[in-house]
Amino acid sequence: MSSLIRPRQGHNPSDQLAELDPTVFAHPIRRDILHLCVVHFLDSLRQGSANTKTRAEVRGSGRKIRPQKGSGMARLGDGQSPMLVGGGVAFGPKPRDFSTKLPRKVIQMGMRVGLSARVKEHRLRVVESLDWPGFKTKDMAQRLSELGWEKTLFVTGRDAVPVGLSRSSSNLQRVDVTTADALNVYDLVKWPQVVLDVEAVEWMERKLGKRPGEGSTVL
Amino acid sequence: MSAARFRATSGRVHLFNLHPAPGSQHTQKRLGRGRSSGLGKTSGRGHKGQKARSGNGKPKAGFEGGQTTISKLFPKRGFVNANGKTYAAINLDKIAHWVEQGRLKSTPEEPITARELVLSGCIHDPHDGVKLLGSGAEQLKVPIHIVPSRASKSAIRAVEQLGGSVFCRYYNRLSLYDCVKGRTDRVAAAPTRREDIMWYTDWRNRGYLSEKSIAKMPVVEERWRELATQLTKFKSQEFEKK
């Protein structure tokens with residue numbers, strides 16, 4: 001285990017070991033599953049607000065621009081036809097929902113693969129607690145450079161992020177904090193290093209671990 | 001075999017080196033985007049004709065070009081009986097097999113009902129009720145106690161010869177649902193239609209509201225006793241003759 005908070009004199013956090021469930025943290029790496037989860041997440045972020053006016057929506061009257069026969073030119077109806085300059089757009093974008101559905105179990109597998117990938121690269125750390133004392137960003141930046149932790153995501157297993165940690169790191173670009181229930185596969189892939197506290201590890205194992213006797217259907 | 005297919009992604013997993021599983025994603029068919037795509041100009045529709053038109057180029061389903069359609073050629077026949085019931089037939093050979101395997105057990109106090117048949121997989125759907133039929137009666141070796149919606153005479157004979165019991169009970173849609181789900185909070189309705197009343201008060205059918213059934217059944221509700229006397233009173237009643 002590592003420690004974010006400066007350890008007491010004579011107390012080495014590396015002496016403690018955190019036992020991780022192999023189903024969750026030693027899952028075979030499936031990049032295609034991660035791809036699916038990341039694409040699903042990014043789709044859900046799309047605003048989908050591109051809009052164009054069709055020939056019905058462009059302002060203008062329905063008067064026939066020139067007579068059907070006799071002018072020697074192509075026949076035309078109203079002035080908003082997509083053929084004409086200033087006319088509506090044919091089949092243009094309309095606001096729509098780009099979100100896709102992905103089976104719940106695929107997303108859960110993505111979480112397991114993401115955590116296992118970080119473990120395999122030796123970039124997953126477990127700390128006793130994330131209760132950082134103090135609010136100064138400078139102190140946090142100093143401690144992180146001491147530890148050599150660049151581009152880290154802190155995940156807490158509690159309901160809310162500890163105040164000290166969130167305030168000290170909110171202005172740091174290369175650090176992010178989240179709760180275990182708000183964690184998604186995209187974050188796990190994006191952040192090179194992930195630091196979990198013990199409660200977060202337990203939360204993951206509870207949510208993603210294999211439950212005995214699962215899968216039986218009862219009338 | 002192009003070398004470009006090879007991906008050296010044994011390094012760390014990051015947003016820049018994720019790929020979909022090969023063969024899992026197919027490129028979209030885009031019509032009218034030039035000759036080389038194979039779908040330019042007429043966009044896979046050929047030349048002219050009804051099928052090449054925009055909007056829905058097809059006539060309505062069943063249309064045969066003006067020829068009298070198959071659905072119009074023949075006259076309508078008959079009617080559909082709203083009160084008709086479809087019973088889920090269950091033969092004695094299947095029940096015998098299930099009892100042999102140990103998938104069905106019965107005692108006089110806890111007879112086989114629609115619920116046990118569905119749960120054990122003997123029947124998949126009870127429809128409007130379960131009817132016990134006698135095919136394969138020779139295969140039944142042990143006494144069984146069963147309460148279906150209906151039973152054939154040969155099935156009744158076969159079961160009773162071995163010392164079992166058959167009593168037919170009236171189930172309407174709601175009481176059959178409660179029976180299958182195992183709910184006991186609601187009161188099961190009694191038969192209201194004359195045909196049903198006549199059927200279930202008859203000992204020949206082993207109806208649960210006949211006098212002999214009330215005497216023989218191990219579990220009898222007070223309601224049934226009262227109903228059995230009330231519903232058969234007409235047999236001894238007489239009109240005043242002037």
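Just so it is clear, the structure is predicted and the values come from calculations on it, not from any experiment.
Note that CD of B/Gln25 is 5.5 Å distant from NE2 of A/His35, once rounded to the nearest 0.5 Å. Rounding to the nearest 0.5 angstrom, the gap separating the CG atom in B/Leu15 from the CG atom in A/Leu42 is 7.5 Å.
Residue A/Glu146 places its CD atom among more than 12 non-hydrogen atoms of other residues, nucleotides or ligands, all under 6.0 Å distant. Shown here is B/Arg53, whose CZ atom has more than 12 heavy atoms of other residues, nucleotides or ligands within 6.0 Å. With a 6.0 Å radius and a threshold of 12 heavy atoms from other residues, nucleotides or ligands, B/Arg193 has its CZ atom above the threshold. Atom NZ of B/Lys105 is surrounded by 12 or fewer heavy atoms from other residues, nucleotides or ligands within 6.0 Å. The neighbour count for B/Glu110 CD, taken as heavy atoms of other residues, nucleotides or ligands under 6.0 Å away, does not exceed 12. Within a 6.0 Å sphere centred on NZ of B/Lys94, heavy atoms belonging to other residues, nucleotides or ligands number more than 12. For CD of B/Gln101, the number of neighbouring non-hydrogen atoms (other residues, nucleotides, ligands) closer than 6.0 Å is greater than 12. In B/Arg103, the CZ atom is crowded: over 12 heavy atoms of neighbouring residues, nucleotides or ligands sit closer than 6.0 Å.
Of all residues spanning residues 82-105 of chain A, none has a heavy atom less than 4.5 Å away from chain B's heavy atoms. At a heavy-atom separation below 4.5 angstrom, chain B is approached by no residue within residues 170-181 of chain A. Of residues 184-205 of chain A, those residues lying under 4.5 Å from chain B by any heavy-atom pair are A/Tyr186, A/Val189, A/Lys190, A/Pro192.
For A/Arg118, the part lying under 4.5 angstrom from a heavy atom of chain B is the side chain only.
With sequence neighbours excluded, no residue forms a side chain to side chain donor-acceptor pair (under 3.5 Å) with B/Ser106.
Side-chain contact between A/Glu121 and B/Val13: present, with at least one pair of heavy atoms (C-beta onward) separated by less than 4.5 Å.
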